[in-house]
Each structure stands twice: as structure tokens, then as C-alpha cells.
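Just so it is clear: chains get the letters A, B, ... in the order the sequence lines come, proteins before strands, and each one is counted from 1.
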2 protein chains.
Amino acid sequence: MSKNYHHGSLRQALIEAALPVLKKKGIVGLSLRELAAELGVSHGAPYRHFKNKTALLEAIAVTGFNALQDICRKAMQDFPDDPRQQLYQAGMDYIFYVARNPEIADLMFRPGLSREESNTELQQAVNSAVGSLAAIIENGKQRKLYGDHQTMDLVLTSLSTVHGLAMFIAGGMLIDPASPESSIEALGKRVYNILLHGMAGE
Amino acid sequence: MSKNYHHGSLRQALIEAALPVLKKKGIVGLSLRELAAELGVSHGAPYRHFKNKTALLEAIAVTGFNALQDICRKAMQDFPDDPRQQLYQAGMDYIFYVARNPEIADLMFRPGLSREESNTELQQAVNSAVGSLAAIIENGKQRKLYGDHQTMDLVLTSLSTVHGLAMFIAGGMLIDPASPESSIEALGKRVYNILLHGMAGE
DNA sequence: ACCTGAACACCGTTCAAGT
DNA sequence: ACCTGAACACCGTTCAAGT
């Protein structure tokens, strides 16, 4: 192999190199040229893998949805007979995932990123992740856990709530960013409880 | 007034000029120079009002939180004796606000924008808006609507849910972007119902 | 198939100078 | 106080050419 060629898969390397930059400097501060230089590759090279800067950001969003899917699947495997625990575990794991990777979650539910083309890969990753969450909800419905609400409404509500809470925590908004994991878990538990039994007292 | 000086307040003009650009081209596609040119002002002029591009984006986020505060206040005024209706109305108004202004909402809950300084103006706008929502919740608590949950937990849960749902709608994810207002309202009503009475059947 | 390197048109940001 | 316009160091993106 020529020493002027990047050794492994440049596409994946670009995604990984982008994460710490996004974390420190945000979307505005990220540049493809900087990533290329860091990886010892010419500034034109990234364009063999991403048609533009936005496409790289979308690829990172895809990894977030893939992580959400993995989290849902793992929760189902870990508690095959307890759909309520599946939902709780998946939600909590997702919150900790976002807390660890705020720069990824920050790209996930963004109408403003690709206002043009729909990006089928991203759309597909979203659908897969949502499908896994829907499976958890369906498991619960078979056990008569969730009344007669539509699955889609339950998915939307729970995903919105968990993702929103995760972003509050990740952004340090309203919540002390220095909170220990135990207090984040306690907060997650209280919110999960409200979600499950309602804001209104019984 | 000199014809080389912008007539009114350039700061506000920049914010307003940025909105359609953000809507069409997203954060990555926005440039201060383009805005300056559009407003007939030199490319250095924006820096008298914003210390950089991120500061402009944060100022736009502030307008979103101000809108949320206005929405909450209006709901309290419109239904002074019905805290439950206050919450429903505020939530629904916010959803329609986000549907009309996705490019603003897109900037509101973003850990990745200003990873550096905390931006006190933004932090203050967040606190004010959250305070108004908390007031609505407190009104409900005085009427014994919300059990014994902590106000902050109820605020976090409801705001997360409503904002998340709004972003799904605004981004056309999971929801047909061509949905008429009536079906958005119907969806909002179902989610509000789940939020109020819980995912679990009674 | 994947990368280089020149080329182009554009940016963000700073700053002395103007009014 | 607010804006101009030059200046600097950088970008995103394209494309012929190389391996």
C-alpha cells in the first residue's frame, strides 16, 4: 500500500475524528479540511465518501439511531419476559448514551440539517430504531400494560420524553451538569414514573 | 441619515434575515456575509452586534424561548381558572409555533451550539420560559391536579414531550409532513392524554 | 476504486479608519 | 456608537490527473 493512501476505511475514520471536534467546537466549528489534515489525507479525499459536510453530519446521526436500536434490542434480550423493564432499561440506557455522546444526539432529530433531500439512509436508520422501540411497546401491549393507546402514539410520546430529557441533561440546561450518575438515574426514574402513570394523580 | 448606514436596527434585521436562510439551507449553509450583503451593509457590520456566527444563532434561540414564554403567559390569561386547559393550550400553541418556525426550534435545546461560554442571555431566556411553564404547573398543583410529583419533574417531562413531538412534526419524521392542522391537533390531543393519564391503562 | 493537488469562489473574523 | 473596506487565514467543493 502506498504511504500516501490512508490505511483503513477513511469513511469511518472521518466519522470518528469528527466526534471530538463536534464536542469541542460544535457544528459551526467543524471543517472537513481539518479532519482530512488530521487523518493525513488530502482535503479532497473526504468527498469520495461524503458528498458534502452535511452528509457527514447525517452519517453521524445514523450512528446515533443505530445505537438507539442496539439499546432497544439489548433491553429486549436482557428482559425477555418483562416488557415494562425493557422500556425502563432502554430509556435509561439511552439517557446515559446521550449524556456520554451529546454531540451525536445533537444531530439526531434535526429538521434543519438536510432540508433538501430526504437521505434514505438516515430515514431508514430512524425507521429501524423506531421499529425496535415499537417492538418493546408491542410486547407490553400483549401483556395489557398500555391500555388501548395506539402503538405509534406511545412510541412518539416515550421517545420524545426520553430524548428531551436526555438533551436537557446533556446540555446542562435546568440540570446541574455536575450531577453524579446516581442523581441522573433518580431523575430518570421519576420521569419514567410520570410517563407511565401520568402527570395527574390517580 | 447617511445612505451608507443601515436604516433601523441591524441586529434585529440580521435575526429576521437569517430565518428564511436557515429554513432553506440550514445552519451549515448560513453565512454572515450573505446576510450583510442582503441587508446592504458591509460584511464587517454584523460583528458590531454579534461576536460571531454562533452568537447570532443563539440570539435566534432566545427568540424561541421568548415565544414559549409568551405562549405560556397567554394560556394563563386566556384560562385564568382552568390550569388543565392552560397546559393543554400552551402545549398545542407551542406545537403549532414549532411547525411554523422549525428553524427556530431547531436551535433551542442544543448542547452543541455554545459548548464554551454559557451565554447568560440565552440561559436567562430559558429560565424565564421554564418559569412560566412552571407557573402553569403550580396553578394545577394548587387545584390538586398533579398528585405529589415535584414541579420540576413535571416541567421537564411535559416540556420534553411537547418539544420532542413538535420536532417530529416539524422535521416530517414519522409523521406525514403534509398532515393538515386538524390531524396534528388530533395527534397532540392523544399525546397530551397519554402524558396526563399515563401510558399504562388505568 | 480511491486519492492528490491545483483552482475557484466563498467564509469568519479582526482592525484601522472613517462619520 | 456604528459602519466601511482591506487584510488574513481559512473553508467547501470540483475536477483533471495520478496509482
In terms of side-chain geometry, is the basic nitrogen of Lys74(A) or Asp78(A) positioned less than 4.0 Å from the acidic oxygen of its partner?
yes

Salt-bridged, Lys51(A) to Glu58(A), with N to O below 4.0 Å?
no

Using atom [atom1] of [X] as one end and atom [atom2] of [N] as the other, report the distance to the nearest whole Å.
{"X": "Leu10(B)", "N": "dA1(D)", "atom1": "CG", "atom2": "P", "result": "17 Å"}
{"X": "Arg11(A)", "N": "dA1(C)", "atom1": "CZ", "atom2": "C1'", "result": "16 Å"}
{"X": "Ile27(A)", "N": "dC11(C)", "atom1": "CD1", "atom2": "P", "result": "19 Å"}
{"X": "Lys51(B)", "N": "dC15(C)", "atom1": "NZ", "atom2": "C1'", "result": "18 Å"}
{"X": "Glu38(B)", "N": "dC11(C)", "atom1": "CD", "atom2": "P", "result": "12 Å"}
{"X": "Leu14(B)", "N": "dG12(C)", "atom1": "CG", "atom2": "P", "result": "12 Å"}
{"X": "Leu30(B)", "N": "dC10(C)", "atom1": "CG", "atom2": "C1'", "result": "14 Å"}
{"X": "Tyr47(A)", "N": "dC8(C)", "atom1": "OH", "atom2": "C1'", "result": "13 Å"}

5' precedence on DNA chain C between His49(A) and Glu34(B) (nearest-nucleotide basis)
His49(A)

Along DNA chain C (nearest heavy atom to each residue), the more 5'-positioned of Gly44(B) and Ser42(A)
Ser42(A)

Please determine, for the side chain of [X], which listed nucleotide ([options]) has the closest atom?
{"X": "Ser31(B)", "options": "dC11(C), dT4(C), dC3(D)", "result": "dC11(C)"}
{"X": "Leu32(B)", "options": "dG12(D), dG12(C), dC3(D)", "result": "dG12(C)"}
{"X": "Arg33(A)", "options": "dG12(D), dC3(C), dT13(C)", "result": "dG12(D)"}
{"X": "Lys53(A)", "options": "dT13(C), dG12(D), dC3(D)", "result": "dG12(D)"}

With a non-hydrogen cut-off below 4.0 angstrom, is [X] in contact with a base, only sugar-phosphate, or nothing?
{"X": "Leu56(B)", "answer": "nothing"}
{"X": "Leu35(A)", "answer": "nothing"}
{"X": "His43(A)", "answer": "base"}

For dT13(D), what is the paired nucleotide under Watson-Crick or G-U wobble rules, both distances under 3.5 Å?
dA7(C)

Suppose we define a pair by two distances each less than 3.5 Å, Watson-Crick or G-U wobble; what does dA1(C) pair with here?
dT19(D)

Ignoring hydrogens and angles, tell me if any N or O in the side chain of Asn101(B) forms a donor-acceptor pair with the backbone of Tyr97(B) under 3.5 Å.
yes

Taking the side chain from Arg143(A) and the backbone from Glu138(A), do they hold a donor-acceptor pair closer than 3.5 Å?
no

Separation between CG of Leu35(B) and NZ of Lys53(B), rounded to the nearest 0.5 Å
9.5 Å

